[in-house]
**Student:** 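Take a look at this one; I'll ask things after.
Sequence lines set the chain letters: A, B, ... in the order given, protein chains first and strands last, and positions in each chain run from 1.
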Number of protein chains: 2
Amino acid sequence: MPKIPLPVAARLPLYYEYVLDIEKSGIASVSSNMIAGHLGFTPSTIRQDMMSLGRLDSSASGYSISSLKAALEELLGISRGANMALVGIGSLGLALAHSRLFMEKNFILRALFDKRSDIIGSVIDGIPVYPMDAMTEVILSERITIGIISTPPSSAQDVADALATSNIRGIWNFTPVALKVPGHVRVENVNVLPSLFKLSLLMKSDEKD
Amino acid sequence: MPKIPLPVAARLPLYYEYVLDIEKSGIASVSSNMIAGHLGFTPSTIRQDMMSLGRLDSSASGYSISSLKAALEELLGISRGANMALVGIGSLGLALAHSRLFMEKNFILRALFDKRSDIIGSVIDGIPVYPMDAMTEVILSERITIGIISTPPSSAQDVADALATSNIRGIWNFTPVALKVPGHVRVENVNVLPSLFKLSLLMKSDEKD
DNA sequence: TAGATTGTTAATCGATTAACAATC
DNA sequence: TAGATTGTTAATCGATTAACAATC
């Protein structure tokens, strides 16, 4: 199994979006030069990255779109997909539940959990809302491998503990809490504040021009 | 003006959260060793980064919390803050409008824009909803420098054009569209899908253990 | 074949880490 | 002073870029 360096892994989603784009236009292959020009890297970087992807069909007209797409879908987990559960139906949780973004990539939201009894038993966008204590059972029966945490920060660790107990394999954490989890659970944190700070930093550097 | 390398800039928000944490506990200074231990870097990296921040008060017990906090608030734009406008009140826009996350950091949402006439004129969480054609006027009168785009992808470029015309200085883009903007406008994109792919990649690497 | 592009090795660049004298 | 930590220079590491022979 090829071990993908982190800087390369960060570029894979960009490659994938680009591949989908040009696939639509009916072109059958793409060169490192074209990718580099479009995404703002050097052709050298692209070629080095392509080597990390394993064997691709390539020729003097570049890499075949179909083999590139297949390799990326395999690596990014799109080809196999995953079942997900979301815990905490606040305004962020609702926005995530409504989003078609991951659904389109085969990451399917199968279950919602909340502690508010007035919404338990209801169905949001086709997804049932369960009580918190049904977590272990539902995660098992729906073969859920990823848990999304969008609760208030104060409940985040408790929810992470419950998910870990339910044998979840990955946690997508939308709270600003540094979760403690057992070794078999992977955590990926989503934090938008650093991105706003970066924008602020960029704008500031414009000022003295 | 110190030019901050990107890898350093990416760590600044982490330092800031940590500084707020220990400030609460009443401790007056922190060593590179403590920061490194808590955030998972080496003390060397921390000290190099501190040098990028400019002159800090330091001693044999470490860096003074107050000078470190002040330097970070200055660099991250927290001390001066900014006024923001949000365009596109879907479920994501609502979640952002409800969030206290940036408000606490002096990034204040002053205006919401949408094209749906049934909500124009209403007030959401204390923030007025304006029609799209009031954009230039409101951005000027409220001294707004950052525009948030949370519309459907199909409208994103039109909104970016309108914001640029209104002399906005930064765009915080929550759509997956690669926006084209004039040189005086900075764009920062927020994309959660790469983060989900990264989680998927991590989980996959667990599998063959 | 001729032209273009890959695959791969070597060179460069920049970031991280180590080491230690200077400072508090 | 003695102990601890910074500030800074040098060494290491890894990622990006350049170069070019091999391939289509």
Side-chain angles (χ1 to χ4, degrees), chain A residues 2-15 18-19 22-23 25 27-72 75 194 198 201 205, chain B residues 2-15 18-19 22-23 25 27-72 75 194 198 201 205:
Chain A
K3 172 84 161 292
I4 311 258
L6 208 66
V8 180
R11 285 189 288 268
L12 298 188
L14 303 175
Y15 295 153
Y18 181 57
V19 162
I22 53 177
E23 190 190 38
S25 68
I27 297 170
S29 64
V30 64
S31 70
S32 55
N33 247 295
M34 289 166 69
I35 303 178
H38 196 266
L39 297 178
F41 305 112
T42 65
S44 249
T45 299
I46 306 296
R47 287 203 293 280
Q48 293 280 18
D49 286 1
M50 292 304 142
M51 291 306 99
S52 304
L53 299 190
R55 280 293 156 248
L56 297 173
D57 295 346
S58 64
S59 71
S61 54
Y63 303 94
S64 104
I65 293 291
S66 62
S67 75
L68 183 48
K69 186 185 173 197
L72 288 167
L75 278 165
K198 191 175 155 207
L201 224 57
S205 73
Chain B
K3 174 84 161 293
I4 310 258
L6 208 67
V8 180
R11 285 189 288 268
L12 298 187
L14 304 175
Y15 295 153
Y18 181 57
V19 163
I22 53 176
E23 190 189 37
S25 67
I27 297 171
S29 64
V30 64
S31 70
S32 55
N33 247 294
M34 289 167 69
I35 303 177
H38 196 265
L39 298 178
F41 304 112
T42 65
S44 249
T45 298
I46 306 295
R47 287 202 294 279
Q48 294 280 18
D49 287 1
M50 292 302 142
M51 291 307 99
S52 305
L53 298 191
R55 280 293 156 250
L56 297 174
D57 295 347
S58 65
S59 70
S61 54
Y63 302 94
S64 103
I65 293 291
S66 62
S67 76
L68 183 48
K69 185 185 173 197
L72 288 167
L75 278 166
K198 191 176 156 207
L201 223 59
S205 73

**Student:** Please examine the side chains of B:Val19 and B:Val30, heavy atoms only from C-beta on, and report whether any two atoms are closer than 4.5 Å.
**Tutor:**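 Contact flag for B:Val30/B:Val19 side chains = no.
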**Student:** Could you check B:Thr42 against B:Ser44 for side-chain hydrogen bond (donor to acceptor under 3.5 Å, both in side chains), going step by step and ending with a plain yes or no?
**Tutor:** CA-CA 5 Å; B:Thr42 65; B:Ser44 249; 5.1 Å; no
**Student:** In whole angstrom, give the distance that lies between atom CG of A:Leu6 and atom C1' of D:dG14.
**Tutor:**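 Value for this atom pair: 13 Å.
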**Student:** Holding to salt bridge (Lys or Arg N to Asp or Glu O under 4.0 Å), I want the full list of residues that pass it with A:Arg11, two or more places apart in sequence or in another chain.
**Tutor:**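 Partners of A:Arg11 by the salt bridge (Lys or Arg N to Asp or Glu O under 4.0 Å) criterion, ordered by chain and then number, come out as A:Asp49.
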**Student:** Rounding to a whole Å, what distance do you find between A:Ile46:CD1 and C:dT5:C1'?
**Tutor:**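 The answer, rounded to whole Å, is 14 Å.
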**Student:** Mind calculating the distance between CZ (B:Arg11) and C1' (C:dA15) to the nearest angstrom?
**Tutor:**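 From B:Arg11 CZ to C:dA15 C1': 8 Å.
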**Student:** Quick one, A:Met50 and A:Leu68 - any side-chain contact, counting heavy atoms below 4.5 Å?
**Tutor:**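 With C-beta onward as the side chain, the pair touches.
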**Student:** Who pairs with B:Phe41 by ring pair (Phe, Tyr, Trp, His ring centres under 6.0 Å), at least two apart in sequence or on another chain?
**Tutor:**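 With sequence neighbours excluded, B:Phe41 shows a ring pair (Phe, Tyr, Trp, His ring centres under 6.0 Å) to no residue whatsoever.
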**Student:** Using the test side chain to side chain contact (heavy atoms under 4.5 Å, CB included), find all partners of A:Ser31 that sit at least two apart in sequence or belong to another chain.
**Tutor:**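 In terms of side chain to side chain contact (heavy atoms under 4.5 Å, CB included), with neighbours along the sequence ignored, A:Ser31 is linked to A:Asn33, A:Met34.
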**Student:** Each nucleotide in nucleotides 17-24 of chain C should get exactly one letter: B, S or -. Can you fill that in based on protein heavy atoms under 4.0 Å?
**Tutor:** BBBB---B
**Student:** Could you please name the option among D:dG7, D:dT6, C:dT5 that lies closest to any side-chain atom of B:Met51?
**Tutor:**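 Minimum distance to the B:Met51 side chain belongs to D:dG7.
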**Student:** Just the rounded figure in Å: distance from C1' of C:dT6 to CG of A:Leu53.
**Tutor:**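 Atom CG in A:Leu53 sits about 14 Å away from atom C1' in C:dT6.
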**Student:** State which residues pass side chain to side chain donor-acceptor pair (under 3.5 Å) with A:Ser64; sequence neighbours excluded, sorted by chain then number.
**Tutor:**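 Side chain to side chain donor-acceptor pair (under 3.5 Å) check on A:Ser64 returns A:Ser66, A:Ser67.
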**Student:** Between atom CE in A:Met34 and atom C1' in C:dT6, what is the gap in whole Å?
**Tutor:**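 A:Met34 atom CE is separated from C:dT6 atom C1' by 15 Å.
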**Student:** What's the CG-P distance between A:Asn33 and C:dT6, to the nearest Å?
**Tutor:**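 It works out to 7 Å between those atoms.
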**Student:** Would you name the heavy atoms of B:Pro43 and B:Ser32 that are closest together and state the gap between them?
**Tutor:**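 Heavy atoms only, the tightest pair is O-CB, 3.8 Å.
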**Student:** Using Watson-Crick and G-U wobble pairs with both distances under 3.5 Å, what is the 5'-to-3' dot-bracket string of DNA chain C, with [ ] for crossing pairs and | for pairs outside the strand?
**Tutor:** ..||||||||||||||||||||||
